Amino acid sequence: MNFDFSDDEKRLKEEAHGFLNDRCPPKAVRRVLEGELPFDRDLWRGVAELGWTGAAIPEAYGGVGLGHVGLCALAEELGAALAPIPFASSIYLAAEALLLAGTEAQKSRWLPKLATGQLIGTIAVAEGAEARSGKPLATSAEGGRLSGTKLPVADGAYADIAIVAARTAKSPLALYVVELNQPEIDRAPVKTIDPSRGHARLTFRGAKAEPLGSEADGEAILKRLYDRAAILVGFEQVGGASVALDMACNYARERYAFGRPIGSQQAVKHKLADVYCAVELARSNAYWGAWALGADAPELPLAAATARVAGSRAFYVASKENIQVHGGMGFTWEGDCHLYYRRAKHLALMLGAAPEWKEKLVNEIERRNAA
Amino acid sequence: MNFDFSDDEKRLKEEAHGFLNDRCPPKAVRRVLEGELPFDRDLWRGVAELGWTGAAIPEAYGGVGLGHVGLCALAEELGAALAPIPFASSIYLAAEALLLAGTEAQKSRWLPKLATGQLIGTIAVAEGAEARSGKPLATSAEGGRLSGTKLPVADGAYADIAIVAARTAKSPLALYVVELNQPEIDRAPVKTIDPSRGHARLTFRGAKAEPLGSEADGEAILKRLYDRAAILVGFEQVGGASVALDMACNYARERYAFGRPIGSQQAVKHKLADVYCAVELARSNAYWGAWALGADAPELPLAAATARVAGSRAFYVASKENIQVHGGMGFTWEGDCHLYYRRAKHLALMLGAAPEWKEKLVNEIERRNAA
Amino acid sequence: MDFNDSPEEAAFRAEARAFFEKNATRKSGHAAAQRSRADDAANLAAAKDFQRRKAEAGFAAITWPKAFGGRGLPPIMQVIFNQEQASFEVPRGFFEIGLGMCIPTLMKHGTPEHAKRYVPPAVRGDEIWCQLFSEPVGGSDLAGLITRAVRDGDDWVINGQKIWTSGAHYCDFGIIVVRTDPNVAKHEGLTMFFLDMKSPGIEVRRIKQVSGTSNFNEVFFTDVRVPDSQRLGAVGEGWKVSLTTLMNERLAVGEAPAPDFDDIFHLAREVTVEGKPAIADRAMREKLADWYVETQGLKLTKFRTMTALSRSQTPGPEASITKLVSATKLQEIASTGMDLLGEGGSLMEESEVPAAALFQQALLYSPGLRIAGGTDEILRNIIAERVLGLPADMRADKELPFNKIPRGKR
Amino acid sequence: MDFNDSPEEAAFRAEARAFFEKNATRKSGHAAAQRSRADDAANLAAAKDFQRRKAEAGFAAITWPKAFGGRGLPPIMQVIFNQEQASFEVPRGFFEIGLGMCIPTLMKHGTPEHAKRYVPPAVRGDEIWCQLFSEPVGGSDLAGLITRAVRDGDDWVINGQKIWTSGAHYCDFGIIVVRTDPNVAKHEGLTMFFLDMKSPGIEVRRIKQVSGTSNFNEVFFTDVRVPDSQRLGAVGEGWKVSLTTLMNERLAVGEAPAPDFDDIFHLAREVTVEGKPAIADRAMREKLADWYVETQGLKLTKFRTMTALSRSQTPGPEASITKLVSATKLQEIASTGMDLLGEGGSLMEESEVPAAALFQQALLYSPGLRIAGGTDEILRNIIAERVLGLPADMRADKELPFNKIPRGKR
């Protein structure tokens with residue numbers, strides 16, 4: 001039984017923790033939140049230099065080949081620091097999509113640059129706020145040309161390439177690799193609940209696009225990609241939730257009211273004990289996901305859904321009750337509580353909301369029971 | 001604005017409270033719970049003598065003609081006392097069914113005896129534990145004869161008449177009035193979660209049965225009957241919930257641990273504050289039901305569903321947390337906490353469980369919005 | 001049981017409705033419109049104008065004694081006026097604190113001269129009042145305040161800081177509680193004054209909230225002089241005096257703003273999820289049912305309170321459940337509304353998002369509702385102690401001189 | 001990350017599995033069977049027989065030092081043994097308290113002679129032990145006990161009452177904490193002894209629980225004499241000694257019994273609601289997903305604890321979350337399972353009700369799970385204080401002599 005990070009992974013995690021403590025304090029997040037920067041380019045360069053962007057990319061494609069469990073360890077720290085960089089878009093989604101479905105030529109062309117952080121990738125699936133509608137995609141591809149509008153696209157305003165989902169004559173959803181610096185693409189930043197992560201509207205007017213995987217497999221690839229990303233995001237959620245819980249505990253120990261620390265009141269203690277339970281359940285479920293990802297186990301879809309549901313709940317609850325414990329100060333712009341609350345809801349929505357994942361989870365159990 | 005019981009109704013309620021305090025303490029409930037008596041016949045005679053059984057039955061049929069708001073006031077007190085008598089079966093269901101759908105002859109024949117408590121009525125709809133299955137009724141009626149098995153039937157072992165739901169050649173559900181003292185009917189007591197209210201299995205082998213209302217209207221009558229009964233049961237739930245909350249508060253004030261009353265701990269205070277909120281919301285919603293019942297308002301189905309969902313939740317939560325506040329003593333047979341917990345779950349199931357009523361509630365809002 | 005007005009109530013309702021029909025626009029559609037309440041100059045001017053018309057029509061002080069320019073009507077009439085008002089677009093958020101809390105305190109604890117000077121312009125909307133109670137050290141422990149006032153001849157000199165002061169940046173006057181003796185027990189060393197917000201030494205800084213708006217201020221006091229004649233109540237009686245004010249606050253604190261049941265119900269009908277309206281989803285339907293039960297329960301609880309009022313009974317602290325239940329419900333509704341949109345749920349472009357991003361905005365303002373005007377935890381304590389009669393929390397600060405109470409680092 | 005045994009662990013697992021294959025029956029189907037654990041004579045005899053075979057095969061004291069007849073293996077091996085045991089029908093519920101709590105206390109605080117006399121028969125199942133700590137006045141305030149022991153020559157004379165004593169009616173010996181000095185602070189006046197449960201003056205009365213079963217007893221002491229040689233630890237050190245016992249209890253308290261996720265999942269597939277399997281209902285599916293996340297999370301948390309054990313680290317109080325989360329989940333699952341049946345849900349005839357009325361029975365025993373072995377509230381305090389480092393509750397009884405502590409009416 002070894003249901004924990006290895007010693008090497010723990011060392012990596014500790015180093016990441018130290019680096020991010022130094023380079024990504026809340027005031028760095030705030031610079032992006034308040035619109036001073038579109039994202040933290042210095043931090044991005046820093047993590048790339050440390051090899052994090054290439055952590056799970058094989059050495060053959062310029063990566064470090066550390067494997068996905070190591071990437072999970074990094075994700076937890078990036079989540080804890082609320083890192084305002086396109087890590088998830090570029091690594092969990094764009095690079096992973098290429099690894100999953102790219103041709104040799106595509107992998108050789110893009111992965112080395114994604115691995116070094118030289119290029120930024122993202123994914124463009126949603127078409128407007130009503131992203132769960134299940135309506136046919138309006139974005140279409142024909143003869144290597146893409147037309148339509150994608151919104152919201154994380155990091156869309158400054159990413160170099162995007163994996164784009166489009167309808168074709170033969171398939172309701174096929175994937176394409178698209179270079180974003182084309183005159184046939186308009187990009188405009190849009191407001192979201194978490195301005196510390198940039199989002200954009202992308203309009204394609206006959207933009208050049210290269211198929212990723214076969215047209216027929218688009219939906220299957222996307223599902224698999226989202227399952228894998230859900231585990232990595234699950235670690236970001238666990239990281240963020242733990243920090244929110246720590247903040248609340250620290251404040252509850254230090255803040256006095258009625259002549260005693262507010263943390264000596266059961267209303268506060270018991271609230272935080274419940275948050276702790278949510279966070280630990282999420283952590284254990286995320287570990288299961290890490291194992292499934294590392295072992296490419298058949299349990300992966302189930303572990304992914306479980307980690308995602310647990311992680312989304314834990315971070316949301318921890319961040320919301322962190323505000324409550326902080327009282328009025330927790331509700332000020334100057335206080336840092338809202339950074340976590342915003343990120344929690346953003347992460348809970350980015351790969352689809354809890355109801356979708358609960359449905360996937362039960363589907364998966366039914367499938368396994370039928371088998 | 002007069003959203004409260006009238007002074008007369010309040011006086012009636014106070015009298016009922018005093019009478020039940022005297023005649024129906026927990027140890028009277030326990031005599032039925034522990035199988036000493038099938039139901040409390042003395043108490044039944046007592047409430048009948050006070051005219052409660054005839055409260056909402058018009059004077060023309062031997063009742064007191066007090067109206068349904070008065071009956072709601074009595075229901076709250078009967079619920080508070082956990083009265084172990086067939087009041088709901090005989091009055092909210094059998095007598096109300098006759099009032100809703102009976103012919104003049106049927107009303108004249110049965111209501112006066114139900115009004116005086118001389119006869120006990122009940123209703124028999126469910127056919128086994130899986131009562132929500134939606135399968136066609138197995139009990140059938142043909143040529144005035146009824147065959148099939150009903151289970152569980154509240155008070156079925158000692159009731160004199162039952163309103164029975166059966167399938168006919170023309171209708172999936174028609175209602176019948178059936179005298180239960182026929183050789184063609186077998187009755188056997190069955191165990192339920194609340195033994196303070198007797199239940200039975202009734203087997204009909206070609207028993208004589210008289211149609212109640214037209215065959216085609218059976219489902220509509222039953223729905224209307226359940227809506228009306230849900231409001232009366234809603235008051236029983238509010239009554240029971242209030243007593244469970246009071247018990248918990250009293251215990252929390254008097255029981256010391258760590259040198260102080262346990263009720264001075266926020267874990268206990270805040271739990272009970274939340275229970276109070278649930279009980280008050282249920283009470284207000286029940287009042288709406290009482291108004292709708294008294295005024296025969298078009299809002300009745302919506303008010304009924306609202307009162308039922310709120311009442312079921314309030315009584316369950318109050319009774320379950322009452323055990324928790326009592327700690328180990330709350331979990332002993334000798335303690336009275338479990339009487340309320342059992343009754344709470346019994347009442348929450350008797351007219352159908354919360355999911356059914358939530359569905360009715362939203363249906364009703366949709367219907368009203370479409371209109 | 002009925003929902004009917006008495007003849008007097010019906011007549012008053014008709015009068016109020018006529019006033020609104022004449023002076024305001026009836027609301028159309030649902031939700032959305034009620035959100036924008038910026039306290040900018042234009043809105044302030046409109047609010048002052050509307051207040052003057054209310055005063056002229058006799059609706060600005062419905063329940064106050066005639067001696068103070070009120071109509072001397074029972075509280076139920078105020079409720080009826082508010083019910084009618086709810087159907088109209090009217091300026092709000094400028095006078096509630098002054099007329100609901102400050103002026104009643106002045107009327108009770110000030111001199112007849114104070115009343116004569118300050119009540120009429122407040123009622124007419126010419127002068128606006130704010131309340132300076134909370135401090136950074138205090139939080140829920142309101143009486144733990146440390147802003148000092150020291151006697152100097154006929155004046156008092158105030159130094160310190162207040163926080164969460166609504167409207168301090170546009171108010172003309174304020175009532176303030178300060179510590180005049182730190183050597184006695186917490187509640188015994190406080191005194192209340194009123195002061196001119198333009199006094200030298202007062203600095204107002206607006207607080208930006210998570211939701212991006214600035215409804216509150218910090219107010220800093222540096223050697224601010226207040227004449228002793230502006231004291232309300234005796235020296236050392238400030239806590240008792242402020243209870244008058246706070247009792248009025250509790251009545252004023254109502255349910256949370258939109259989105260409520262109706263809004264999420266409509267959203268669920270509009271939004272498509274996996275090809276079907278969201279409302280077709282049974283999981284959503286159960287949530288809707290639960291919220292309806294709460295929303296309707298709170299509305300009907302208010303009717304029970306009104307019944308008590310119309311019988312001239314005093315409603316108790318039962319009203320505390322309104323904010324406790326509705327603030328949590330608001331946060332749940334906001335979050336669930338966003339979940340209906342999946343990956344698009346975090347978008348906040350009003351033109352792109354159903355209900356003009358109402359749910360997204362609510363996610364950001366809902367945490368404040370669980371804090372302002374008494375946190376969830378304080379409200380549960382109030383219910384437990386005052387309604388259910390459970391014993392008070394153990395007090396670490398009881399009987400200690402204020403300056404001996406442990407205070408921690410922040 | 002992997003779930004693999006080390007070579008030593010794999011070898012031990014194979015040995016344990018072989019033992020069970022030889023001495024017990026493999027479980028079939030799911031749930032239901034695990035429920036009946038009546039402590040009647042037949043079950044007691046079977047349990048003693050099985051314990052003897054465990055002892056002979058070297059599995060009765062896996063982690064104990066060899067000096068006490070144990071195998072001296074690390075705690076992970078006990079976990080592996082328990083994992084294997086979970087697949088078999090074995091008698092349970094008779095020896096856990098004696099071997100898990102009482103004998104370890106005796107080994108640590110008794111004399112070598114005590115160990116020599118009492119440990120071997122306890123391990124072989126010839127003698128069973130119980131723990132006499134809780135009292136009616138105490139509840140969660142375990143140290144608030146009032147049963148007195150007064151010195152009389154070489155003996156102590158005990159008078160008072162214990163409660164919630166599992167197995168007192170069939171046990172041979174018990175360990176007991178009593179108050180030997182009421183004039184000192186609560187935790188300082190206690191002393192621990194062990195005694196023969198057949199001693200004159202002991203009366204055992206079974207307690208009937210809400211669920212109808214009787215797992216616990218009240219034990220009354222009238223002038224019961226215990227020789228001073230049966231004292232465990234010094235006079236006045238009883239609380240410290242009992243912490244050894246309770247620490248072991250905390251490790252033993254595990255997850256709640258069935259029904260768990262698997263049971264409600266199967267029920268939802270079997271039961272028809274409105275013509276469709278209950279599992280087709282989206283509201284049910286969301287509940288199932290939530291419970292799966294909790295069930296799986298707890299199971300995986302146990303793997304994390306095992307990892308710590310297999311690295312010879314000591315797991316902390318994190319395990320407190322298991323009972324806290326699973327007891328509430330059990331009550332929810334029971335209630336929801338009944339709701340699937342609608343009007344028929346309250347039926348308890350095993351032959352008539354899906355899953356043989358498991359859910360109905362669980363509704364009745366689940367409240368006990370939220371209380372026994374530490375209430376929800378105590379567990380939250382433990383997590384808050386020992387894991388999260390939050391300050392302790394304010395203590396009204398601190399530093400007071402025990403007989404001056406306010407005690408109320410009950």
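To find a chain, count down the sequence lines: A is the first, B the second, and so on, and within it residues start at 1. Just so you know, these numbers come straight off a predicted model, no measurement behind them.
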**Asked** With ring centroids as reference points, do B/Y287 and B/F5 lie under 6.0 angstrom apart?
**Response** yes

**Request:** Check whether the ring centres of B/W291 and C/F3 lie less than 6.0 Å apart, and answer yes or no.
**Result:**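 Centroid distance B/W291-C/F3: below 6.0 Å, so yes.
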
Is it the side chain or the backbone of [X] that comes within 4.5 Å of chain C heavy atoms, both, or neither?
X: B/L245; result: side chain
X: B/D246; result: neither
X: B/L302; result: side chain
X: B/L361; result: side chain
X: B/E366; result: both
X: B/A295; result: neither

**Message:** Going by side chain to side chain contact (heavy atoms under 4.5 Å, CB included), C/I279 matches just one of C/E270, C/R285, C/M284. Which one?
**Reply:** C/R285

Based on non-hydrogen pairs under 4.5 Å, which of [options] is most in contact with chain C?
options: B/R283, B/K360, B/K358; value: B/K358
options: B/E359, B/Q266, B/K271; value: B/E359
options: B/V362, B/L272, B/V268; value: B/V362

Under 3.5 Å, is there a donor-acceptor pair linking the side chains of [X] and [Y]?
X: B/E236; Y: B/Y92; value: yes
X: C/K329; Y: C/T295; value: yes
X: B/H68; Y: B/E96; value: yes

With a 4.5 angstrom heavy-atom cut-off, which part of [X] approaches chain B: side chain, backbone, both or neither?
X: C/L324; value: side chain
X: C/D2; value: both
X: C/D290; value: side chain
X: C/V293; value: both
X: C/E9; value: side chain

**Prompt:** In terms of heavy-atom pairs under 4.5 Å with chain B, which of C/A289, C/G389, C/P391 leads?
**Reply:**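 Looking at each of C/A289, C/G389, C/P391 in turn, C/P391 comes out on top.
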
**Message:** Among C/M306, C/R282, C/E294, which residue has the highest count of heavy-atom pairs closer than 4.5 Å to chain B?
**Reply:** C/R282

**Item:** Charged N-O contact under 4.0 Å between B/E15 and B/R11
**Value:**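 No.
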
**Prompt:** Is any NZ, NE, NH1 or NH2 atom of the basic residue among C/D141 and C/K186 found under 4.0 Å from an Asp or Glu carboxylate oxygen of the other?
**Reply:**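 A salt bridge links C/D141 with C/K186.
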
**Request:** Return yes if some donor-acceptor pair links the side-chain N/O of C/E84 with the main-chain N/O of C/F81 below 3.5 Å, else return no.
**Result:** no

**Asked** B/Y316 ring centre to B/K345 NZ or CZ under 6.0 Å, with the angle to the axis within 45°?
**Response** yes

